[in-house]
Novice: 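Would you mind keeping the following structure in view while I ask a few things?
Note on naming: letters A, B, ... go to the chains in the order of the sequence lines (proteins, then strands), and numbering restarts at 1 for each one.
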Amino acid sequence: MPVCVLSDGAGPGAQVPAHLTMIPISHITTSTDSSGKTVKGKVVRKERLVSSASDDFILKTVIQEEDSQAIASSQNTSISVVLLGALAKDFNEAVNQGDVVVASGFTVDKSGSVHKDKLHPCKLLLSGDNACLYVSRPPPPPDPRSPLANKRSTTLSAEVSTKAKVPKYTYVRLGDLKAGSVVNVYGVVVFFKQPFKSRGTDFCSSLKITDQSNQKIGCTIFCEKLEDHPKIFQIGDIVRMHRVKTQFFNDSITLVNTFGFSVVTFDGAVGGAMEPRTSSRSFHFDQEVRRTVEELRSWSASQTILPPVPTIPLSAVQPKAYFDLTCQLLAKAPIDTTCTLLRVWDGTRCPRTLLNVIVEPDATEGPTSFSKEKEKLIANVLVYDNHVEVARELKPGAFLRIYNLRAIPGSSKVPGLTSSQSEEVDHLAFHLHGGTAYGRGIRVLPETSPDVQELKRTLQAFSEDHEDRLSDFSDSELLEVWSTPPESTKVKQLCAETVKCCTERSCSHDLQPVTLSKVKRSGPGRVHHVRVQLRSYEPHALHQALKLYCSKCSSMLDVPDDELVSGLFSEANSDSGPCSPPPWLLSGKVDAPGDAPGSADRSLTVHLSSELLAEGKTKELLFLMGSTLEETCRLTAGYQNIVPVRPSGGHLALLDLSAPFLFRGRRRYYGCKRCSDAAVREPSTEGVEVIDERMIAEALGVQLLQFVLLMKLELRDATDTLHVFLWRDAELFFNVSADDVAANQEAQNIIHQTMDTLCPPGGGTGERPWLDLCLTSYRAEDDAGQNQTCYQVGHTTVTKPSSTRSEPGPA
DNA sequence: GGTTAGGTTTGG
């Protein structure tokens, strides 16, 4: 449906998808297969937009082959194009005679007027979701101030001289606004509130903008959909608004959105990326837009109009301060109806003790505990009232900016708080109070934002430092680690402080360690602390410890090996036959990637969402047909998300769900056969910042399986042995995520090294380190349906794995 | 082509 105006500079902007093949106008016949094809031509005639019913439009245009050689050697170089529906309307607004357009998703029909107009015997029809039109406009006359001017005028002079550019939009300076008109404006944001629910039907955004005329103008935006609101991340961002009305309020002009409103936001930093933030399907972006934004950026940088940005890291937080926090959400838990706890970190450590909030593990979304080192960096943020609703939509792992967060010293009146810390005074609590004053609110930042990129580097650095610290022991420390109690150690030594342990408990239970024989005599439903050694473990082939778990039906599956998955791919490829993709997909071909250059002569059918294409997102999501597992893996280098598909009964279908339904880089995602209702369906990408496995799974009706780690450990102490499971808290135990274990060798190595430390191969029990563990006992049915008591290790982290154990001597 | 809000904090 969309019309995309291409950037005429080298910068970002919509691009015609590279996999589509262009065909010359003269080659078009009624038997042309238009799938995966484009036609390019200059608009030589544009007729009036005709509206046949209230919402139905039709527009006829004629495009002509641009290549003069083709024109000279062929007759049918001009062809009629009929546009229907919204596309016609968009075309009418966005395209001028003289523009060069590329059409895709068209159908070919016989032209009824060939005798009359002497044009091509065929015409192109564009309608529906499949159709897309890319517009590139002759660039504006060279700007004499620009260093590129000479270069431009030589390479593009022919086109420039044919037509003076008529700007489509005119923008009014904020100092020239008159009440009672509808205008387009640019402005630098000096104040903003995230959209909040109004008392009417819409969300309301409130902002104040300024420009070179130094007027500060308040704007109020009402839109029902959040994605239509300005995507403002911080003061200094630049907005461009189309169709806002001016009106007087309190003796000053204000701007309110009106019919046809649209807004695009740009980063306000001089030299920053020119990435337009908008959910509009069709928006105008060219060299002139770029120049206007750059002018506003440098003007704004030279001014002192902007209040200081109150974004500071946790390490710099002062008591009583209000500040904006850029952070990652790790976990969250509702406290009561007016308050939600967000556990966040930004990789820096606040020098103050932070408020400790204890909630039921069952109420927590995300991990319930973290390694002790990480825990020290985590801030508990309490968000109140209207923010609770926003917090409900947040997912652990998301990157957030919390605006106008308050650091409250010594405050301890937290609903539901059970921490013994509540009487302490020397700690900081973080509150996001109710209301929207001072722009209070929460916003999810896209991963592409520069601030998130920086945050991720900080978090990464923490993880690396932390791991370095673990493996960086002096010899004396190593001796302490390895000098374990002798076999004859009696129970009384369990509490001895002198024995070094290589695990740490992070639970809040106030329990004395007990012996395994006592654990065995106690019934299910208990929590015990024990000090034990690891006698043995299963599976020894550690990759088998990685499982797929369905949180819906609780089934646990082995991860299929490559041989099995390869087989499923070739099975899928053996189904052939006619197959019509759904109308929202555009089809094309890519060369099958191969080792030798000569082997790449096979081509694979690919399908891309026309909506994503329209947004220029050609690498985001690919439906791939006919590939082998190996080819699919190779293509992950070029596409963020690959969904393998196969023809089935004339339609596109997913592969058997034993195969991954999605490839993302080195990561593969699986779905639950029992709980999925899988089909190729269109993902709704409107307003979506990042296309991830969750949204794709949801669109495809796939119940996403989670990678988990499952091991059975045999523990021993002086009194007995006990088999326990390591599952729910296995990631915490190894301090590694199961997702990472599934995707990379380094994470797998951590598990190997840890197990080698806890249970050295070939070593006697005397060498094995002692472990402080928290055990939970529970009742479960075994395979024979018999009730039995099971045990799980929880709240425990291995703190001192070491790979240098085998060579303790000086290096 | 309606209504909504119309910056500005003390409080869990």
Side-chain angles (χ1 to χ4, degrees), chain A residues 54-55 179-182 187-210 215-226 228-230 232 234-235 237 239 242-262 305-308 310 318-324 333-342 355 357 359 380-388 391 402-419 422 427-441:
Chain A
S54 63
D55 246 355
S181 57
V182 174
V188 180
V189 175
V190 294
F191 170 79
F192 68 103
K193 285 182 176 185
Q194 295 301 335
F196 58 92
K197 202 102 190 88
S198 74
R199 274 189 258 274
T201 56
D202 296 336
F203 283 95
C204 175
S205 288
S206 184
L207 50 147
K208 191 166 267 180
I209 58 174
T210 189
Q215 285 290 320
K216 286 184 184 151
I217 301 291
C219 315
T220 308
I221 309 299
F222 295 107
C223 293
E224 207 169 356
K225 290 188 197 151
L226 277 174
D228 294 337
H229 281 259
I232 300 169
Q234 64 183 358
I235 285 170
D237 282 353
V239 289
H242 285 170
R243 290 165 290 260
V244 282
K245 62 185 174 195
T246 52
Q247 52 185 224
F248 261 109
F249 179 76
N250 277 350
D251 295 333
S252 26
I253 294 259
T254 59
L255 295 172
V256 183
N257 62 311
T258 182
F259 184 59
F261 166 78
S262 71
I305 44 158
L306 297 184
Q318 293 299 316
K320 296 187 178 173
Y322 288 96
F323 65 107
D324 294 351
I335 301 289
D336 61 29
T337 55
T338 67
C339 179
T340 292
L341 168 68
L342 301 181
L355 175 73
V357 183
V359 290
N380 289 312
V381 175
L382 293 160
V383 309
Y384 289 93
D385 305 336
N386 51 319
H387 310 300
V388 167
I402 306 177
Y403 299 90
N404 198 234
L405 190 56
R406 191 173 182 220
I408 303 180
S411 170
S412 56
K413 290 180 190 163
V414 176
L417 175 71
T418 54
S419 167
S422 48
H427 65 261
L428 277 187
F430 296 107
H431 289 220
L432 183 67
H433 294 303
T436 63
Y438 281 91
R440 268 179 211 155

Novice: If we count only N and O atoms by modelled type, under 3.5 Å, do the side chains of A/Asn250 and A/Ser252 hold a donor and an acceptor together?
Specialist: no
Novice: So do A/Asn257 and A/Asp228 actually touch side chain to side chain, heavy atoms under 4.5 Å?
Specialist: no
Novice: Could you tell me how the ring of A/Phe203 sits relative to the ring of A/His229: parallel (under 30°), tilted (30 to 60°) or perpendicular (over 60°)?
Specialist: perpendicular
Novice: Distance between the C1' atoms of B/dT10 and B/dG6, in whole angstroms?
Specialist: 23 Å
Novice: Remember a base hit wins even if backbone is also touched, and classify A/Phe192 as base, sugar-phosphate or nothing at under 4.0 Å, heavy atoms.
Specialist: nothing
Novice: Looking at A/Lys245, I'd like to know whether one of its side-chain N or O atoms comes within less than 4.0 Å of OP1 or OP2 on B/dG1.
Specialist: no
Novice: Hey, is the side chain of A/Lys216 poking within less than 4.0 Å of OP1 or OP2 on B/dG7, counting only N and O atoms?
Specialist: no
Novice: Measure CZ/A/Phe430 against P/B/dG12 and give the value in whole Å, please.
Specialist: 17 Å
Novice: Can you check whether A/Val256 reaches A/Gln247 side chain to side chain, under 4.5 Å on heavy atoms?
Specialist: yes
Novice: Is A/Tyr384 stacked against the base of B/dG11, taking the criterion as centroid distance under 5.5 angstrom and interplanar angle under 30°?
Specialist: no
Novice: For a 4.5 angstrom cut-off between non-hydrogen side-chain atoms, does A/Leu255 reach A/Thr246?
Specialist: yes
Novice: Rounded to whole Å, how long is the line connecting atom CG of A/Leu432 with atom P of B/dG12?
Specialist: 14 Å
Novice: Rounded to whole angstrom, note down the P distance from B/dA5 over to B/dG1.
Specialist: 22 Å
Novice: Using whole Å, what does the distance between atom P of nucleotide B/dG6 and atom CD1 of A/Ile217 come to?
Specialist: 17 Å
Novice: Measure the distance between the ring centre of A/Phe222 and the centre of the six-membered base ring of B/dT3, then answer whether it is under 5.5 Å with planes under 30°.
Specialist: no
Novice: A/Phe191 versus A/Ile235: any side-chain heavy-atom pair under 4.5 Å?
Specialist: no
Novice: Which part of the nucleic acid, if any, lies within contact of A/Gly435, taking any heavy atom under 4.0 Å across all strands shown: a base, the sugar-phosphate backbone alone, or nothing?
Specialist: nothing
Novice: Looking at every strand, decide which applies to A/Asn250 at a 4.0 Å heavy-atom threshold: base, sugar-phosphate, or nothing.
Specialist: nothing
Novice: What's the CG-C1' distance between A/Leu405 and B/dT10, to the nearest Å?
Specialist: 15 Å
Novice: Is the closest side-chain heavy-atom distance between A/Leu355 and A/Leu382 below 4.5 Å?
Specialist: yes
Novice: Would you kindly give the CG-to-C1' distance between A/Leu382 and B/dG12, to the nearest whole Å?
Specialist: 9 Å
Novice: Reckon A/Glu224 touches a base, only the sugar-phosphate, or nothing at all at heavy-atom distances under 4.0 Å?
Specialist: nothing
Novice: Under a 4.0 Å heavy-atom cut-off, which of residues 198-208 of chain A touch DNA chain B?
Specialist: A/Ser198, A/Arg199, A/Gly200, A/Thr201, A/Asp202, A/Cys204, A/Lys208
Novice: Just the rounded figure in Å: distance from C1' of B/dG7 to CG of A/Asp324.
Specialist: 14 Å
Novice: From the set B/dA5, B/dT10, B/dG1, return the single nucleotide nearest to any side-chain atom of A/Phe259.
Specialist: B/dG1
Novice: Could you tell me how far apart A/Lys320 (NZ) and B/dT10 (P) are, to the nearest whole angstrom?
Specialist: 15 Å
Novice: Looking only at N and O atoms, is any donor in the side chain of A/Asp336 or the base of B/dG12 less than 3.5 Å from an acceptor on the other one?
Specialist: no
Novice: Just wondering, more than 12 heavy atoms not from A/Lys197 lying within 6.0 Å of its NZ?
Specialist: yes
Novice: Taking atom P in both B/dG11 and B/dG7, what distance in whole Å separates the two?
Specialist: 22 Å
Novice: Which nucleotide wins on minimum distance to the side chain of A/Arg406, given the candidates B/dG12, B/dG6, B/dT10?
Specialist: B/dT10
Novice: In whole angstrom, what separates A/Asn257's CG from B/dT3's P?
Specialist: 13 Å
